[in-house]
Novice: 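If you scroll down you'll find the structure; I have some questions about it.
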Number of protein chains: 2
Amino acid sequence: MSLRYALLALLRVGPLSGYELQKLFSESVGHVWHAPDSQIYPELRRMEADGLLLAEEQTRGVHGRRRMYHVTEEGARAFSDWFDEPLEYSRVRDPAHLRAAYLESAEPRAAREFLDAHVRQHTELRNRWQSEIDRIRSGAHPMVERRLAAIPEAERGRAVAFKVFAYEGLMERATAEIRWAERGLRLLDDLG
Amino acid sequence: MSLRYALLALLRVGPLSGYELQKLFSESVGHVWHAPDSQIYPELRRMEADGLLLAEEQTRGVHGRRRMYHVTEEGARAFSDWFDEPLEYSRVRDPAHLRAAYLESAEPRAAREFLDAHVRQHTELRNRWQSEIDRIRSGAHPMVERRLAAIPEAERGRAVAFKVFAYEGLMERATAEIRWAERGLRLLDDLG
DNA sequence: CTAAACATGTAAAGCGTTACATGATTCG
DNA sequence: CGAATCATGTAACGCTTTACATGTTTAG
């Protein structure tokens, strides 16, 4: 059910077609909520049916068509209501830490490979988040710039600070994972 | 598909009934892979059908019955093969950081409540992981003790070190979340 | 005898993944 | 004219959640 809020977050800045949305999605909110296009298109239809969006049918060339989605008042309300609901922190489902929980059963070679891959994965993520932060600060982040253009100038500094803060959360998490996995590698060095 | 490996992890230490498994599950591997009983019972049946488990039908009293599940050789192999597969790190789906990504749009009051709840949630988790670590080190953790009893004495120190290491990963993550959310609260103090 | 614990599921609905399927337009 | 990009979906399958459903045994 979070998918629709992720979509609303992008659309509230301005109307987008399913295709544009999908492209922007994967390089912004997709960082924290993955969804393939085959999930996005039907969800947009459902949101339209639920009155959160209004679709404006456009033509492109002679036979081309596209649907520009606009957020309705009800959609804007749904987005802001979402912030007031307490978040549910129930179901954990973490393949990496599931595996880590039984590392003592694995061959040292397999354990090492797992931890190496974990370090690689999170190093890559950390670099990605760092470059997102750089892009936000330097005014080169397309989705953030769209958002900033839609709010009064006086509020932009605050908005940038919070966007950076959000990515810092991902950075710190990645850093914690790297530190932990590196300690695991040292454990393997010591205990085999 | 990870559920079956979580179940195998518990069963490989010794046979258990669905009920016992479900109880042990929620206080051990359930910390990293949530599953309700309504998912566990059918999955055990499927694993039996796939040859990973063998069910021993027992009676309890006059009309009571239960099924004790034993890991087959094929099941043991499946568990150890699982460690050799590279882990897939694709789909992220993180409600808390999704919300955090749009914190600038929220009312300061709602943002504060969200961050407070985040701190509370992860403080509670951190305490839980710390007490798990204490229980492991003091020999009071039931599932870990079962596991230790099944391996040679010489390997037990190593196994304990790795179990502690696994929980430390959860601890560090919780700590990172707390630090981050507290910085967010200070941001709110400064910027409103 | 009653409550708690033991014991095992089914059903429906929703969410998510993967594969498939199709066609138009624009740029070089 | 061919490739890249624009554009929008459907279908089948599997996983997960929530709610429902039922009965036995044991301890006090």
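Per chain, numbering begins at 1; letters A, B, ... match sequence-line order.
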Novice: Does a nitrogen or oxygen in the side chain of A:Arg93 sit under 4.0 Å from OP1 or OP2 of C:dC15?
Specialist: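 Looking at the OP1 and OP2 atoms of C:dC15, neither is under 4.0 Å from any side-chain N or O of A:Arg93.
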Novice: CG of B:Leu53 versus P of C:dT8: gap in Å, rounded?
Specialist: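 In whole Å, C:dT8 P and B:Leu53 CG are 13 Å from each other.
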Novice: Starting at atom CG of A:Leu7, determine the distance to atom P of D:dT8, rounded to an integer number of angstrom.
Specialist: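 Those two atoms, CG and P, are 13 Å apart.
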Novice: Answer with yes or no whether A:Ser38 presents, from its side chain, a donor or acceptor under 3.5 Å of a partner atom in the base of C:dT17.
Specialist: no
Novice: Quick one: on DNA chain C, does A:Gln39 or B:Arg65 contact a more 5' nucleotide (nearest heavy atom)?
Specialist: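 On the 5' side of the pair lies B:Arg65.
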Novice: Can you tell me if the side-chain N/O atoms of B:Tyr19 get under 4.0 Å from OP1 or OP2 in C:dC6?
Specialist: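 Looking at the OP1 and OP2 atoms of C:dC6, one of them is under 4.0 Å from a side-chain N or O of B:Tyr19.
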Novice: Between A:His122 and B:Tyr89, does any side-chain donor sit less than 3.5 Å from a side-chain acceptor?
Specialist: no
Novice: Measure NZ/B:Lys23 against C1'/C:dA5 and give the value in whole Å, please.
Specialist: 8 Å
Novice: OP1 or OP2 of D:dG9 sitting under 4.0 Å from any side-chain N/O of A:Arg45?
Specialist: yes
Novice: Using atom CH2 of A:Trp33 as one end and atom C1' of C:dG16 as the other, report the distance to the nearest whole Å.
Specialist: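 So the CH2-C1' distance, A:Trp33 to C:dG16, works out to 10 Å.
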Novice: Could you check how far CG of A:Leu44 sits from C1' of D:dG9, rounded to whole Å?
Specialist: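 So the CG-C1' distance, A:Leu44 to D:dG9, works out to 12 Å.
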Novice: Under 4.0 Å between a side-chain N/O of A:Tyr41 and OP1 or OP2 of D:dT8, yes or no?
Specialist: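 Answer is yes, contact under 4.0 Å.
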Novice: Mind calculating the distance between CE (B:Met1) and C1' (D:dG14) to the nearest angstrom?
Specialist: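 Going from B:Met1 (CE) to D:dG14 (C1'), I get 10 Å.
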Novice: Establish, with yes or no, whether the OP1 or OP2 oxygen of C:dT25 is under 4.0 angstrom from a side-chain nitrogen or oxygen of A:Arg60.
Specialist: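 For A:Arg60, the contact criterion (side-chain N or O under 4.0 Å from OP1 or OP2 of C:dT25) is not met.
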Novice: Give a yes or no on whether a salt bridge exists between B:Arg46 and B:Glu43, defined as a side-chain N under 4.0 angstrom from a carboxylate O.
Specialist: yes
Novice: Would you mind reading off the distance between B:Asp37 atom CG and D:dT17 atom P, rounded to a whole angstrom?
Specialist: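 Atom CG in B:Asp37 sits about 12 Å away from atom P in D:dT17.
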Novice: Of all the choices, D:dT18, C:dT18, D:dC15, which nucleotide is nearest to the side chain of B:Pro36 once you look at every atom?
Specialist: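 Of the candidates, D:dT18 comes closest.
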Novice: Return the nearest nucleotide to the side chain of A:Tyr69; candidates are C:dA24, D:dT16, D:dG9.
Specialist: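 Nucleotide nearest to A:Tyr69's side chain: D:dG9.
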Novice: Is B:Thr72 reaching over with its side chain to a backbone N or O of B:Leu52, donor-acceptor style, under 3.5 angstrom?
Specialist: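 Side chain of B:Thr72 to backbone of B:Leu52, a donor-acceptor pair under 3.5 Å: yes, one is there.
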Novice: Do you see a donor-acceptor pair shorter than 3.5 Å between the side chains of A:His97 and A:Glu177?
Specialist: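 The criterion, which ignores hydrogens and geometry beyond distance, is satisfied for A:Glu177 and A:His97.
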Novice: In this structure, how many angstroms lie between the P atom of D:dT16 and the CD1 atom of B:Ile40, rounded?
Specialist: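 My rounded result for the distance is 12 Å.
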Novice: Going by modelled atom types, is there a donor-acceptor pair between the base of C:dT8 and the side chain of B:Ser17 at under 3.5 Å?
Specialist: no
Novice: DNA chain C: A:His63 or B:Glu88, which has the more 5' nearest nucleotide?
Specialist: B:Glu88
Novice: Heavy-atom count around A:Glu88 CD within 6.0 Å, excluding the residue itself: above 12?
Specialist: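 Open: at most 12 neighbouring heavy atoms sit under 6.0 Å from CD of A:Glu88.
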